2 protein chains.
Amino acid sequence: MSVSVKDVAALAGVSVGTVSNVMNRPEKVSAVVAARVQSAIDDLGFVRNDAARQLRARRSKTIGMIVLDVRNPFFTDLARAAEDRAARDGLSIILGNSDEKAERESTYLDLFEEQRMHGVLISPFGDMTDRLHRLRERGIPAVLVDRTSTDDAFSSVSVDDVAGGNLAVDHLISQGRTSIAFVGGPLGIRQVVDRLEGARAAAAGHPEVSLEVIITGALSVIEGRAAGNAILARPAGDRPDAVFAANDLIAMGVLQALNMQGQLHVPRDIALIGYDDIDFASAAVVPLSSIRQPTALLGQTAVQILLEEAADPALAARQVVFQPELVVRESTFSPDRAAARPNLPESSLER
Amino acid sequence: MSVSVKDVAALAGVSVGTVSNVMNRPEKVSAVVAARVQSAIDDLGFVRNDAARQLRARRSKTIGMIVLDVRNPFFTDLARAAEDRAARDGLSIILGNSDEKAERESTYLDLFEEQRMHGVLISPFGDMTDRLHRLRERGIPAVLVDRTSTDDAFSSVSVDDVAGGNLAVDHLISQGRTSIAFVGGPLGIRQVVDRLEGARAAAAGHPEVSLEVIITGALSVIEGRAAGNAILARPAGDRPDAVFAANDLIAMGVLQALNMQGQLHVPRDIALIGYDDIDFASAAVVPLSSIRQPTALLGQTAVQILLEEAADPALAARQVVFQPELVVRESTFSPDRAAARPNLPESSLER
DNA sequence: CTGAATCGTTGAATCGTTTTAAGAACGGGT
DNA sequence: ACCCGTTCTTAAAACGATTCAACGATTCAG
């Protein structure tokens with residue numbers, strides 16, 4: 001039924017050790033023997049049993065990755081970049097979706113530990129510090145993605161979310177907006193907290209600007225829609241004139257709610273800016289201004305660091321922080337208002 | 001460094017066999033011994049080595065799944081449903097993204113074979129029949145998802161795409177449209193071909209209706225946008241008055257292109273219907289009419305069948321086909337035109 | 001022509017779990 | 001006291017690839 005190295009060895013008339021060498025250190029084997037073994041492999045359709053290989057090697061050739069939401073294009077882009085980088089070293093990535101639930105996150109970590117993964121990339125939701133320490137003791141390094149480590153014990157690769165929040169609100173203010181609502185949540189997610197902090201810092205420098213906070217239950221289109229409807233339900237004088245959404249999914253939900261009733265116009269009545277700059281952002285009802293993160297770079301760097309730590313466990317933890325970038329589209333672009341504080345040339349309007 | 005059953009056995013003062021029994025057949029072990037073993041496990045922080053377990057069991061506890069595009073919400077929904085169903089039987093799912101590339105698809109199949117997966121769920125792009133036969137000979141069953149099998153040798157779970165295409169075009173015709181463009185591709189994807197076939201069948205019954213076919217390189221927003229721009233570039237008299245997109249991503253791209261220039265209005269000038277009914281569809285510039293598939297049911301059923309085949313390899317292949325459903329939103333709703341052929345009550349307009 | 005170095009190959013040991021046949025302990029009935 | 005039938009527990013044999021010390025065959029320097 002199943003063909004093993006033993007069968008290959010028998011057919012090729014060599015020992016199992018040689019078969020292994022043909023596959024793993026070809027330079028140790030003479031060309032003629034290698035050819036004989038190779039054709040035996042082909043004839044029998046031999047496929048190496050990864051479980052046996054891992055058992056002997058004491059670690060897997062797979063990297064486990066946990067993200068907050070696979071349906072968020074930001075994370076799939078991230079995963080894809082990580083996958084490409086890992087493939088260069090012959091490793092594969094398995095992707096787990098925590099769905100912003102600590103329990104699911106924990107289940108994946110259990111799975112990864114059982115599988116003796118080569119390493120773990122995680123965009124943590126709950127506080128997994130203890131779990132990660134334990135994994136490391138077991139020889140499985142972890143790198144935090146899109147999040148700075150709370151205790152500097154682990155390497156992390158992230159984007160400066162405080163700066164991003166700052167960029168977003170600064171931009172809204174420069175467009176003449178003074179009553180700004182931050183929409184996002186839950187506050188258990190570090191990115192949300194940081195972006196809010198950046199927003200607060202930006203608003204703090206302007207006494208005429210007020211910043212209101214609307215907490216959502218998750219970073220999804222649905223939750224954004226609910227928040228948008230809540231805003232819509234308020235009396236006209238009581239509505240913000242700008243919304244900074246914690247990510248693009250929220251922003252799209254808000255946009256949908258505001259726009260659908262046809263009463264309010266974005267950006268005329270309410271300016272809207274999101275975060276992540278996912279593909280869908282530019283395809284929205286009104287092309288969405290957003291904060292772009294260097295996603296591919298983030299993913300590649302995370303894998304790079306993980307591999308280095310896997311090779312040398314004694315390596316010190318590193319914190320890599322990238323800077324986000326403002327992308328202006330129609331959802332915040334109002335020439336009339338901006339004229340008051342012109343700090344964005346029209347040419348920076350991106351499609 | 002690593003703690004094994006041996007260490008647990010030593011600490012608990014029993015043999016390794018007993019430790020294994022505590023974990024896998026608790027009923028074979030006396031309560032007092034079980035408790036002693038359990039506390040040894042906890043004290044040492046023992047975590048079972050899955051590679052060794054698999055090696056012994058000769059098959060993994062993981063199901064491999066390959067989809068055409070992880071960034072398409074339809075597939076992530078599908079994967080999520082499969083995952084939930086698999087978890088009920090203590091199995092996990094690893095998700096591979098073929099990105100509509102035969103080479104990537106093949107790479108994942110190699111990986112799955114090396115890992116001696118419990119089974120494979122695949123939404124095939126290229127012709128993988130030979131590969132799948134080989135997997136089955138090796139004891140790894142496969143179920144085709146969202147695709148009927150070409151040779152009935154494998155079970156499949158799918159939605160009737162011909163019926164879906166029919167529904168879509170029928171609906172457009174009922175709205176008074178006569179010059180319809182099908183946008184989608186490549187034709188290597190069965191779903192695309194089937195939807196087109198359904199579209200043709202629907203159009204065939206109406207001599208006054210013409211159906212034009214625009215092939216895209218992939219089922220993505222970008223490709224849809226390109227197709228939309230191509231339509232826009234044509235002289236006014238030469239444009240279709242309705243577009244049936246092979247999926248919602250394409251539809252969103254088309255919508256974006258048509259809408260952005262502000263020259264054409266959807267649905268007034270061109271009606272637009274997509275396929276899959278992803279969450280984003282209702283969040284689009286103009287809420288998108290679409291063909292909805294019973295995604296969760298699809299995923300669950302696929303896993304169910306896979307598990308049955310894994311348990312009994314002699315089982316005959318089954319083809320399960322679900323029926324799609326029309327969801328009407330604004331992108332195809334034009335009361336004035338529809339009046340000519342009223343077959344859709346206004347109440348069926350869905351938000 | 002010899003001894004050493006080089007090269008390719010071998011065979012056995014190893015990784016950690018599960019499984020199975022056999023053995024030990026225990027109690028009840030005679 | 002002995003036998004028998006349960007329960008529990010044990011020891012050893014898989015599973016399949018990798019690795020490493022050892023070995024035989026060549027080649028080469030002296």
Side-chain angles (χ1 to χ4, degrees), chain A residues 1-38 40-41 44-62 90 113-118 138-140, chain B residues 1-38 40-41 44-62 90 110-111 113-118 138-140:
Chain A
M1 171 122 169
S2 185
V3 13
S4 78
V5 273
K6 237 178 255 175
D7 305 312
V8 174
L11 180 59
V14 298
S15 76
V16 294
T18 299
V19 176
S20 174
N21 281 337
V22 169
M23 297 185 300
N24 303 305
R25 349 166 27 182
E27 76 283 0
K28 297 256 159 205
V29 176
S30 69
V32 43
V33 171
R36 203 148 38 107
V37 170
Q38 191 56 53
I41 289 178
L44 295 173
F46 167 77
V47 173
R48 158 174 65 202
N49 182 324
D50 199 50
R53 175 188 172 75
Q54 272 182 46
L55 176 57
R56 184 67 233 257
R58 315 198 61 170
R59 67 157 49 163
S60 154
K61 282 279 188 193
T62 304
E113 195 172 350
E114 282 195 0
Q115 313 241 45
R116 304 292 193 272
M117 288 296 186
H118 200 83
R138 296 275 207 277
I140 304 178
Chain B
M1 174 125 169
S2 184
V3 14
S4 78
V5 274
K6 235 179 255 175
D7 305 311
V8 174
L11 180 60
V14 298
S15 75
V16 295
T18 300
V19 176
S20 174
N21 280 337
V22 169
M23 296 186 301
N24 303 307
R25 322 127 88 158
E27 76 283 0
K28 296 258 158 202
V29 176
S30 70
V32 44
V33 171
R36 204 148 36 106
V37 170
Q38 191 55 55
I41 289 178
L44 295 173
F46 167 77
V47 174
R48 164 172 59 202
N49 183 325
D50 199 51
R53 177 189 172 75
Q54 274 182 45
L55 176 57
R56 182 65 231 245
R58 315 196 61 165
R59 67 157 51 163
S60 153
K61 283 279 189 192
T62 303
D110 286 343
L111 188 67
E113 194 172 351
E114 281 195 0
Q115 313 240 43
R116 304 293 193 269
M117 288 296 187
H118 200 84
R138 296 275 207 277
I140 304 178

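Remember, it's a predicted structure, so these values are computed and weren't measured experimentally. Note on naming: letters A, B, ... go to the chains in the order of the sequence lines (proteins, then strands), and numbering restarts at 1 for each one.
- Rounding to whole angstrom units, CG of residue A:Asn49 and P of C:dC15 are separated by 18 Å.
- Checking the phosphate oxygens (OP1, OP2) of D:dG16, no side-chain nitrogen or oxygen of B:Arg116 falls inside 4.0 Å.
- Among the heavy atoms of the strands lying under 4.0 Å from B:Ser30 are primed sugar atoms or P, OP1, OP2 only; no base atom is included.
- Looking only at distances, no side-chain donor or acceptor of A:Arg116 sits under 3.5 Å from a matching main-chain atom of A:Arg58.
- Among the atoms of the strands shown, only primed sugar atoms or phosphate atoms (P, OP1, OP2) are found under 4.0 Å from some heavy atom of B:Ser4.
- The shortest heavy-atom contact between A:Ala51 and B:Leu55 is CB-N, 3.9 Å.
- Within the nucleic acid shown, B:Asn24 comes within 4.0 Å of sugar-phosphate atoms alone, with no base atom in reach, counting heavy atoms only.
- Contacts of B:Val19 with the nucleic acid, taken as non-hydrogen atoms under 4.0 Å apart, are absent.
- Within the structure, every side-chain polar atom (N or O) of B:Arg58 is placed at least 4.0 Å from both OP1 and OP2 of D:dA14.
- Between C:dT10 and A:Thr18, a contact under 4.0 Å exists linking OP1 or OP2 to a side-chain N or O.
- Between A:Gln115 atom CD and C:dT17 atom C1' the separation is 15 Å, expressed in whole Å.
- B:Lys28 has its NZ atom 12 Å from the P atom of C:dA21, to the nearest Å.
- Of the possible donor and acceptor atoms, none in the side chain of B:His118 sits under 3.5 Å from a partner among the backbone N and O of B:Lys61.
- Taken from OG1 in B:Thr18 to CE in B:Met23, the straight-line distance is 11.0 Å, to the nearest 0.5 Å.
- Look at NZ on A:Lys6: it is 9 Å from C1' on D:dC15, rounded to the nearest Å.
- Separating the CG atom of B:Asn21 from the P atom of D:dT9 is a distance of 9 Å, rounded to the nearest angstrom.
- The nearest heavy atom of DNA chain D to B:Val29 and to B:Arg56 marks one nucleotide each, and the one closer to the 5' end goes with B:Val29.
- Closest non-hydrogen pair, A:Ala12 versus A:Arg36, comes out as O-NH1, 2.8 Å.
- If you take CG of A:Leu55 and P of C:dT17, they are 9 Å apart, rounded to a whole angstrom.
- Summarising the geometry, the separation between CZ on A:Arg53 and C1' on D:dG16 is reported as 12 Å, rounded to the nearest angstrom.
- Remark on DNA chain D: of its neighbouring residues B:Glu27 and A:Ala57, the 5'-side contact belongs to B:Glu27, judged by nearest-heavy-atom nucleotide.
- Close to C:dT19, at under 4.0 Å from its OP1 or OP2, lies no side-chain N or O of B:Ser20.
- Atom pair B:Arg48:CZ and C:dT17:P shows a separation of 9 Å (rounding to whole Å applied).
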